[in-house]
Amino acid sequence: MSQRTTIPFGPQHPVFPEPIQLRLILEDERVVEALPAIGYVHRGLEKLAEQKDFQQDVFLIERICGICSFMHAMNYCQGIEQLLGLAVPERAKYLRLIWAELHRMHSHLLFLALLADSFGFENLFMQTLRCREEILDLMEITAGNRIMLTTCCIGGVRKDITPDQLKRIGTGLDRAQASLGELGGAFAKDYTIQRRLKGIGVLTREKAHELGAVGPVAKASGLAMDLRQTGYAPYPELGFTPITETNGDAYARMMVRLRELDQSAELIRAAIGRLPDTPLSVPFKGNPTGEVAARIEQSRGELLFFIKANGSKNLERFRARTPTFANLAPLLHMLPGCELADVPVIVVSIDPCISCTER
Amino acid sequence: MSLLPAKTVTPDNLLHEVAVLRQQGYRLVTLTCLDQGTGHTVYYHFDKAYQPLHLRLEIPDGQELCSLSSLYPAAMIVENEIKDHFGVKFTGLALDFQGRLMLTEAAPKTPMNRFRRCGMELDARQPAAATPAAA
Amino acid sequence: MLQQFGLKKSPWVVHFNCNSCNGCDIELLACLSPLYDLERFGVIHVGNPKHADVLLVTGSVNHRNARVLKNVYDQMPEPKAIVAVGVCASTGGIFRDCYNVLGGIEEVVPVDVFVPGCPARPEAVIDGIVRAAEKLELRRRGQPVSRPSLVPETHEPTPNPAAPPETVPATLASPAAPVAAPAELAKTP
Amino acid sequence: MSTRMTLGLAAVVLAPIVGGLIRGLDRVLTARLQGRQGPPLLQPFFDIIKLFQKEPVVVNRTQVFYAYLHLALIALATFMLATGGDALMLLFILAFSTLALVIGAMSVRSPFSRIGAQREIVMMVAYEPILILMVIGFYLANGSFRLQSVYEASRPMLLSLPLVFIAYLSVVMIKFQKSPFDLATSHHAHQEIVKGVTLEFAGPYLGMIELAHCYEAAFFLGLAGLFWATNAWMAALLAAAVFAVTLLLDNLCARLTTHWMFRFMWTVVFGLALTNIIWLYWR
């Protein structure tokens with residue numbers, strides 16, 4: 001029985017919080033071919049960024065994606081600061097790092113929850129989301145909003161984290177890590193989860209490099225590639241080394257994120273311990289001019305902003321290459337040959353952010 | 001204005017240059033297209049061990065650009081996007097979405113072009129008016 | 001007698017992400033989490049519009065997904081209610097001026113509840129769903145259901161849902177009216 | 001005869017109520033296990049009442065017919081279980097009831113619905129042999145295929161069929177669509193095939209299927225009670241134990257694949273049940 005069926009997987013499909021359509025051509029329940037149809041969340045943000053004032057753009061660019069919003073704003077600010085030749089105060093760098101890592105934690109926890117959902121483990125889904133609320137609380141306490149922090153501005157940060165709040169971050173991380181320890185055990189050791197993840201969606205090291213995989217997808221395939229090593233924020237001073245796995249399957253991708261969660265918590269603690277006492281931001285005058293390609297390691301991988309400014313208050317060109325955009329090609333490489341039951345697992349395992357991808 | 005430090009290539013030697021970079025183990029990060037009024041500038045961003053490398057390519061209107069999909073299969077998606085947004089045509093695309101990757105029939109044509117509003121057909125376009133966007 | 005329990009107590013929701021930046025979507029997910037527990041209200045997140053009573057839409061409408069949104073809406077059996085979650089779904093929000101954005105979802109489907117926020121907070125989303133469920137019940141009884149307006153109400157009293165039909169404009173009274181947006185619902189320029 | 005008739009009719013009336021309560025309890029307990037408050041206990045009834053108030057959306061008339069058939073047959077099976085009818089006939093009706101749902105799902109053109117139907121068939125193929133072995137076990141223990149003989153048996157079936165009982169547990173898990181077997185349709189198994197079999201049923205017709213699920217819940221837990229039919233309390237306890245095990249496993253497992261389920265059922269579970277039967281035969 002090898003009847004071919006075409007399945008429109010999406011755009012409105014319960015496993016994706018976001019609309020992407022994968023046209024899956026199935027033989028029985030085996031995927032023969034997968035074709036993407038995107039554009040359901042294409043807004044035209046790059047164009048709008050060119051029409052707005054470059055300072056307004058911080059808030060616009062933060063909304064490229066609601067999951068890793070802070071890191072988008074951070075990358076944009078870093079790019080503009082580079083063009084303006086601004087030296088950001090040390091405290092602002094550390095505060096940015098703290099918020100960025102909090103964002104990474106909540107993003108990875110969301111990933112784990114969605115992964116649990118993708119293989120139908122409702123209990124784990126709920127527990128992971130519960131753990132995620134701890135992190136969201138920390139963001140709300142420090143910035144006033146659960147997801148869109150809007151604390152980053154050109155030249156530094158707009159808001160300080162008070163010593164009380166720093167203490168609260170410490171206890172919040174303790175609680176999150178405690179429950180994360182239990183959850184991590186379940187994720188890593190549960191028999192049914194291993195059956196669903198091991199050997200699924202394998203991406204070899206060579207293919208990962210050739211297809212330009214970034215972030216946890218690349219790290220799971222053994223490519224030690226993490227832009228946090230380049231030192232855009234005080235990561236090297238805090239002793240950062242990228243986490244890698246070798247198997248390149250969905251399980252490895254999950255393990256990378258699981259381990260990065262603990263690493264992020266430790267980075268935040270270390271940053272709190274060394275938080276310097278300097279002003280929060282530097283004032284600046286004038287408009288940026290020149291071209292820059294700003295890069296940052298976002299929770300899903302390398303984020304590249306190409307910014308071209310011409311000395312007016314509008315940018316001449318703003319281009320965003322988000323990590324999921326780079327991970328689409330590896331995804332399309334992984335899908336053919338898998339079972340229909342594994343499609344949600346594989347798709348979720350790259351942690352797709354379609355909103356980033358299409359802007 | 002400080003431009004991105006980039007090596008200039010031409011459409012003719014593009015594939016050769018990229019093939020060399022691929023040999024050296026560079027990873028294709030992405031492509032960026034800029035509208036220059038009478039043509040487009042395309043940046044090719046590469047990376048190797050955190051060292052970025054950029055190629056700059058100027059292409060006049062109407063000329064087709066060869067696709068990198070034979071060397072880097074992942075280039076296909078971004079090339080389709082550029083085709084959608086700028087109307088730059090690519091030859092040898094592994095999978096051609098016909099300008100419908102991001103946009104639909106009802107959406108504005110080549111909306112990312114800065115100096116003009118042109119259809120998908122570059123040849124039918126009026127000579128560039130070169131009116132800068134609202135400052 | 002039993003009927004009064006039905007719709008109000010079991011609003012099954014389907015979520016459609018139109019053009020959202022994910023902020024509202026993950027807040028919707030957070031609604032399902034133990035802290036907010038949407039299932040307390042009998043809400044089940046069904047993936048299938050044919051089973052759903054309440055459509056939650058996040059994000060604005062663009063050229064490609066307008067048709068999909070209409071399709072999802074049309075597939076839902078009556079009585080149904082639409083909740084626009086977040087400012088993008090309500091008016092287009094920060095993306096209103098983008099070239100590929102048509103505006104709020106009101107352009108395509110009639111909205112029953114607007115949930116403000118960027119992103120909308122889970123408490124607000126839950127409130128929106130519960131209010132939509134109340135509208136479902138009114139709609140089943142054939143009572144007039146008011147559609148909210150984004151234009152600020154000046155001094156008019158809030159419409160009484162149980163008011164006799166003749167006091168309500170015809171376009172508002174008909175629950176199944178497709179996209180009959182009355183003049184006063186026209187959006188602010 | 002008339003008392004048995006009354007008993008049967010009472011079962012047909014009470015089964016959906018009991019089944020609804022079981023499903024409600026299931027949802028409440030699941031929520032508590034997940035650290036949530038969960039819906040009210042009567043939630044399944046609210047759902048069904050609501051579904052009957054919705055506009056009937058029909059893809060084709062056949063589909064409606066099969067929804068009715070599904071409900072009628074499962075009600076008939078419940079009737080037979082209560083009156084102690086022929087066990088083989090019971091199995092046949094049960095299978096036909098599921099088949100009605102499958103054909104109903106097959107009658108529409110939605111790919112998700114069809115894949116759901118295919119999976120449902122695979123599931124039937126996986127659990128039907130266990131049910132047949134169970135009935136054979138009853139026969140070997142009592143010398144009759146009539147369930148009446150189980151009710152009148154001197155010693156509980158569990159003592160003769162312990163392994164079959166364990167095998168039966170996995171049948172219940174499949175029928176209740178619990179992890180790791182929640183493959184074809186369920187409130188939560190939406191990730192792969194949206195809603196599977198029930199995808200194209202809407203409004204009152206979905207309500208009928210939900211009602212049938214309530215019957216199923218009562219029916220299969222009742223069948224579990226058969227293993228200690230000599231004492232009503234023990235039967236209830238046994239049914240409760242089956243319920244508790246399915247609930248716990250549902251919260252401890254991820255969903256596995258159809259292939260895995262098929263292999264597992266035909267090797268481990270089938271082997272268990274067969275061993276029991278062989279032992280019973282040679283005893």
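Letters A, B, ... are given to chains in the order of the sequence lines, protein chains preceding strands, and every chain is numbered from 1. Quick caveat, the model's predicted, so the values are computed rather than measured.
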Quiz prompt | Main-chain N/O of V29(B) paired with R321(A) side-chain donor or acceptor, under 3.5 Å | solution = yes
Quiz prompt | Which portion of L211(A) sits near chain B, non-hydrogen atoms under 4.5 angstrom | solution = both
Quiz item: Taking C-beta and beyond as the side chain, do R27(B) and M225(A) meet within less than 4.5 Å on heavy atoms?
Solution: yes
Self-check item: Residue, of H85(B), H54(B), E81(B), R22(B), that accumulates the most heavy atom pairs under 4.5 Å with chain A
Solution: E81(B)
Exercise. Please indicate whether Q23(B) has more than 12 foreign heavy atoms, meaning atoms of other residues, nucleotides or ligands, lying under 6.0 Å from its CD.
Key: no
Quiz item: What part of L331(A) is in contact with chain B, defined as an atom under 4.5 angstrom from a non-hydrogen atom: side chain, backbone, both or neither?
Solution: neither
Self-check item: Atom NZ of K48(B) with >12 non-hydrogen neighbours under 6.0 angstrom
Solution: yes
Quiz prompt | Pair T30(B)-R319(A), side-chain donor/acceptor within less than 3.5 Å | solution = yes
Self-check item: For the student: nearest non-hydrogen atoms of R317(A) and L34(B), plus distance
Solution: CB-CD2, 3.9 Å
Quiz item: Quick one: are R295(A) and H45(B) in side-chain contact, heavy atoms under 4.5 Å?
Solution: no
Self-check item: Contact class of Y26(B) relative to chain A, heavy atoms under 4.5 angstrom
Solution: backbone
Quiz prompt | Spatial distance of atom CD (Q36(B)) from atom CD (E316(A)) [nearest 0.5 Å] | solution = 7.0 Å
Quiz item: Going from CG on D47(B) to CG on L304(A), what distance comes out if it is rounded to the nearest 0.5 angstrom?
Solution: 9.5 Å
Quiz item: Side chains of Q229(A) and Y50(B): is there a donor and an acceptor less than 3.5 Å apart?
Solution: yes
Quiz prompt | Segment of T357(A) engaging chain B (4.5 angstrom heavy-atom cut-off) | solution = backbone
Self-check item: From T32(B) atom OG1 to F318(A) atom CZ, the distance as rounded to the nearest 0.5 Å
Solution: 10.5 Å
Exercise. Among A326(A), G44(A), A293(A), single out the residue with the greatest number of heavy-atom pairs under 4.5 Å to chain B.
Key: A293(A)
